[in-house]
Structures are given as C-alpha cells and as structure tokens.
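Report on one structure; see the data block that follows.
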Amino acid sequence: MDPTALVPTPDPIPAPHLILLILEMLTFMLHILLINVVLGGSLIILFYRLGNKNDSLENSLPGSAAGKIPTAIALGINLGVAPLLFVQVIYGHLFYSSSVLMAVFWILIIPLLILAYYGAYIHIRKYDVSRAFSKVALIFSVLFVLYIGLMFVNNLTLGVQPEKWSGYFANPGGTLLNMSDPTIIPRYLHFVTASVAVGGLFIALIWYLRRRKGVPGSGDKIRTGLMIFGGATAVQIVVGIWFLMALPRDIMLSFMGQNMFATIVLMLGILAAIGALIFAFTGRLIPALAHLILTIVFMVITRQNLRSFYLEDVMRLDQLPLSPQYGMLILFLIVFVIGLGVVAWLIKTATRIELKGGQS
C-alpha cells in the first residue's frame, strides 16, 4: 500500500507557513525549558531524597527547588498550549491521525498530568507531616511526567511516518505505538538527559540567588548544580550521537553534509553544548546558562529540520493552501506578548522575594 494514500488532505493555514513555524519554535522553546525544569528538577530531588532521608528539604541541595516545581508545571502546561496549537494548524492532518492511532495512551495524558501536578504539590506540602507519603507522591509525579514524555515522542514520530499507519488494520483499538522505531529510545533519552541538565542548572541558579543574600554553603551548592548540568550534558551529547546514527540513512546524511543549512545548525548546537559543558565544569554559571539557551535555539531548529526531512515525500509546507486570517494572528500576538510580560513580572517578583529571604 502506498502510505501517502493514508494521509488526509491538509486544511488551509491562516498565515504564511514561515510565520507559523517561527511562532511554533519560539513557544516550544519556552515550553520545553520549563518542562525540563519540572522533570529534571524532580529527578534530582527524588535521587537526593532516596539517599538522604533525614536532611532538611529547604537547606538541601535540590530541596530549594521543590517548592518551585508546581509553579513550573503550571507555567509549562500553559506555555505548551501555543506550540501544540501551531503543530495542529500546520500538521493537523498528520498529528490528529497519529493521535487517533494511539488514542488510548494519548488520552491518558490528561488525567496523569493532573495527578503529576497534585503529586508535586503533595510532595512539598506534606514533607514535614509525612515524609514517606511525600516521597511516594514525588515518585508517582516523576513516573507520570516520564510517561507523558514517552507518549509525546511516540506521537510526534508516528505522525511523520505514515508508512507505519497501516498497523491500524492489525491493531484498530487505538493502542498503536511506535516503539519499534530505532530512534524512539535515543530520542526519549535525549529529552530525559536534557531535563536532568536543565534541572541541575536551575538548582545552581537558585543557590546563586541565595549566595547574593549571604546564605552559607551556597558556593558549594552552585558548583554541585553545575557539575550535575555538565555531567548530564556530556551524557546528552553521547545520546545525541546515538540518535543521529539511528536515523534513516538518507536523513542522517542530510545532517552530515548533504544539506548544508541543517548540518551547520546541528554543528552550532553541538558546539554550544560543548561550550556549556566547559563553562559548567569551570564553575561559570552565567556563560553556561547563555550557552544552554543557544543550544536550545539550535536544537529546536534541528528538530524542525528533522521533521521536514521525514515528510519530504508526504507534504511541502510552501504548498499548503493559504486562507489568511491576519486579524486572529494579530490578536494572538497581542495576548501572547501581554502573557509573557505578566509571566516575566511574576518571575521578577518571585526573584525579588527570594533575594529578600522570603519563600516562593
């Protein structure tokens, strides 16, 4: 069967595809940074708690981040709406198809996300009341977020491989996953290791703020957070090479010289990651953070290049039918900018409270 025969006709898009792509990548960068904080921070906190049962949470290395995880979840969810909508606008005929094929696993994301949110709150609120209950809540919260990440990886890879959709005829119950794809495991681990790296840097940033108000021992904790960031980044680079090697040969070669734009962007991303790693191991927090942001920018563009290579024979973005609705686009941009301003004000206020010695 010709797999392209299974692909629905795309709907018209309301603005030129380049505008929509830029907005999708920008909003996704903000979203993934917060989700990395949530998962990576939670994993570090859990690892620490399993090995240090009696330490004070607030004064421990990762404990200072625990109270900020629920807020990061809320912000991450809200900032995740926009990139998901842009994906649906541009690739809706593919995204909806893959979502239906794995519908049972996909719909479970909603209740598990709610439970993960509750788990993060229970962890911090019940820590001093029942440490065992608090720890169990954190374990389940981490497991639920890990599940959600795995389902997103499955959906996004299944959506760009219509040749896999014929599996529906043998599995029509909405439980079709893409776990046989050789890129699934390295792609998922790339996300998990990135989360641990960002979580470590987030913890280092918190203790950087605490050092400014004279909290004892902050310097050692900043260095430890940077070591976590650097170690996880080194592992992530290795996993990224595995991910690259697992790609179909023609796509892999596109990133290795056949497509110069994709190759240059990938190389810049790798160099930025190496720079972040070097600055982390030499204890330089702000340059490490700057290189992390650069790495995310280049890797999000690489992610889009990868999606385009997969879909070369299925669809071309410049051939999508256009039905302009610029009024709605302008309204979105106004609300989006105002929303970012409000979030920036909230973060600034929380940082000021942190510096004054309060708790956020």
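None of these values were measured; they are calculated from a predicted model.
- When atom types are taken as modelled, the side chain of Ser308 and the backbone of Gln304 share a donor-acceptor pair closer than 3.5 angstrom.
- The environment of CD1 in Ile107 is sparse: at most 12 heavy-atom neighbours from other residues, nucleotides or ligands sit within 6.0 Å.
- Relative orientation of the Phe86 and Phe332 rings is perpendicular, given thresholds of 30° and 60° on the angle between their planes.
- To the nearest 0.5 Å, atom CG of residue Leu146 and atom CG of residue Leu112 are 11.5 Å apart.
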TODO: Carefully, step by step, assess Asp11 and His93 under the rule side-chain contact (heavy atoms from CB on, under 4.5 Å).
DONE: CA-CA 7 Å; Asp11 292 325; His93 59 304; over 6 Å; no
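- Put simply, the side chain of Asn305 does not reach to within 4.5 Å of the side chain of Asn259, judged on heavy atoms.
- The minimum heavy-atom distance linking Ser134 with Ile122 is given by the pair OG-O, 4.3 Å.
- At most 12 heavy atoms of other shown residues, nucleotides or ligands fall within 6.0 angstrom of atom OH in Tyr168.
- If you run side-chain contact (heavy atoms from CB on, under 4.5 Å) between Trp207 and each of Arg212, Arg223, Lys221, only Lys221 comes through.
- A distance of 9.5 Å separates CE of Met25 from CZ of Arg303, quoted to the nearest 0.5 Å.
- Contact annotation: the side chain of Trp345 never approaches that of Lys348 to less than 4.5 Å [non-hydrogen atoms, C-beta and beyond].
- Of the residues Asn154, Thr183, Thr157, the one that meets the side-chain hydrogen bond (donor to acceptor under 3.5 Å, both in side chains) test with Asn178 is Thr157.
- Within a 6.0 Å radius of OH in Tyr118, other residues, nucleotides and ligands contribute 12 heavy atoms or fewer.
- Closest approach of Gln236 to Ala194, counting heavy atoms only: NE2-CB, 3.1 Å.
- At least one side-chain heavy atom of Pro162 sits less than 4.5 Å from a side-chain heavy atom of Val314.
- Met179 and Ile185 get closest at one heavy-atom pair: CE-CD1, 4.1 Å.
- Between the side chain of Trp165 and the backbone N or O of Leu158, at least one donor-acceptor pair lies under 3.5 Å.
- No donor-acceptor distance shorter than 3.5 angstrom exists from the side chain of Tyr310 to the backbone of Ile251, with no hydrogens or angles considered.
- Exactly one residue among Ile44, Asn36, Ile32, Ile35 makes a side-chain contact (heavy atoms from CB on, under 4.5 Å) with Ser195. That residue is Asn36.
- At distances below 3.5 Å, not a single donor-acceptor pair connects side-chain atoms of Ser130 with backbone N or O atoms of Lys126.
- Atom OH in Tyr208 sits 12.0 Å away from atom CG in Leu201 (nearest 0.5 Å).
- For the atom pair CG of Leu26 and CG of Leu21, the computed distance is 12.5 Å after rounding to the nearest 0.5 Å.
- Hydrophobic clustering (side-chain heavy atoms under 4.5 Å, transitive across Ile, Leu, Val, Met, Phe, Trp, Tyr) groups Leu143 together with Phe105.
- Using a 4.5 Å heavy-atom threshold, the side chains of Arg49 and His123 count as touching.
- Leu277 CG to Leu226 CG: the interatomic distance, rounded to the nearest 0.5 Å, is 11.0 Å.
- Both Met256 and Met267 are members of a single hydrophobic cluster when ILVMFWY side chains are connected at heavy-atom separations under 4.5 Å.
- Scanning both residues, Asn78 and Ala74, for their nearest heavy atoms gives ND2-O, 2.7 Å.
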TODO: Determine, stepwise, if the pair Met151 / Leu177 fulfils side-chain contact (heavy atoms from CB on, under 4.5 Å).
DONE: CA-CA 8 Å; Met151 291 307 106; Leu177 291 177; 4.0 Å; yes
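- Here the side chains of Ile45 and Leu138 are in contact, with some heavy-atom distance below 4.5 Å.
- For Phe95 and Tyr91, the ring centers sit 6.0 Å or farther from each other.
- Counting heavy atoms from C-beta outward, Leu247 and Leu306 have side chains that approach closer than 4.5 Å.
- Under the 4.5 Å side-chain heavy-atom criterion for grouping Ile, Leu, Val, Met, Phe, Trp and Tyr, Leu84 is connected to Leu108 within one hydrophobic cluster.
- The two residues Pro83 and His31 come nearest to each other via the heavy atoms CG-CB, 4.3 Å.
- With Leu266 as the fixed residue, the side-chain contact (heavy atoms from CB on, under 4.5 Å) test singles out one of Ile270, Leu268, Ile264: Ile270.
- Across Ala288 and Phe229, no two heavy atoms sit closer than the pair CB-CE2, 4.1 Å.
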- [ ] Take Arg187 and Asp181, measure what salt bridge (charged side-chain N to carboxylate O under 4.0 Å, His left out) needs, and give me the verdict at the end.
- [x] CA-CA 10 Å; Arg187 185 168 187 161; Asp181 190 296; over 6 Å; no
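- Taken together through direct or relayed side-chain contacts under 4.5 Å among Ile, Leu, Val, Met, Phe, Trp and Tyr, Leu333 and Val343 form part of one hydrophobic cluster.
- A ring-centre distance under 6.0 Å is found for Phe152 and Trp106.
- Between the side chain of Thr263 and the backbone N or O of Ser254, at least one donor-acceptor pair lies under 3.5 Å.
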TODO: Give the intermediate values and the outcome of side-chain contact (heavy atoms from CB on, under 4.5 Å) for residues Leu329 and Ile19.
DONE: CA-CA 10 Å; Leu329 179 63; Ile19 295 176; 4.0 Å; yes
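- In this structure, CG in Leu317 is found 6.5 Å from CD1 in Ile90, a value given to the nearest 0.5 Å.
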TODO: Evaluate side-chain contact (heavy atoms from CB on, under 4.5 Å) for Leu79 paired with Leu340, printing each intermediate quantity in order.
DONE: CA-CA 9 Å; Leu79 284 173; Leu340 286 181; 4.3 Å; yes
Task: Full working for side chain to side chain donor-acceptor pair (under 3.5 Å) between Gln88 and Tyr96 - done: CA-CA 8 Å; Gln88 292 173 6; Tyr96 290 130; 3.2 Å; yes
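- One N or O on the side chain of Thr295 and one on the backbone of Ala273 form a donor-acceptor pair closer than 3.5 Å.
- Looking at heavy atoms from C-beta onward, Asn155 lies in side-chain contact with Ser99 at the 4.5 angstrom threshold.
- Between Val7 and Ser97 the shortest side-chain heavy-atom distance does not fall below 4.5 Å.
- Linking Ile, Leu, Val, Met, Phe, Trp and Tyr residues whenever their side-chain heavy atoms come within less than 4.5 Å places Leu205 and Val37 in a single cluster.
- Crowding of Phe140 atom CZ: a count of heavy atoms from other residues, nucleotides or ligands under 6.0 Å not exceeding 12.
- Annotation: Met245, atom CE; neighbour count of heavy atoms from other residues, nucleotides and ligands within 6.0 Å is above 12.
- The aromatic ring centres of Phe255 and Phe309 sit less than 6.0 Å apart.
- The environment of Tyr326 atom OH is dense: over 12 non-hydrogen atoms of other residues, nucleotides or ligands sit within 6.0 angstrom.
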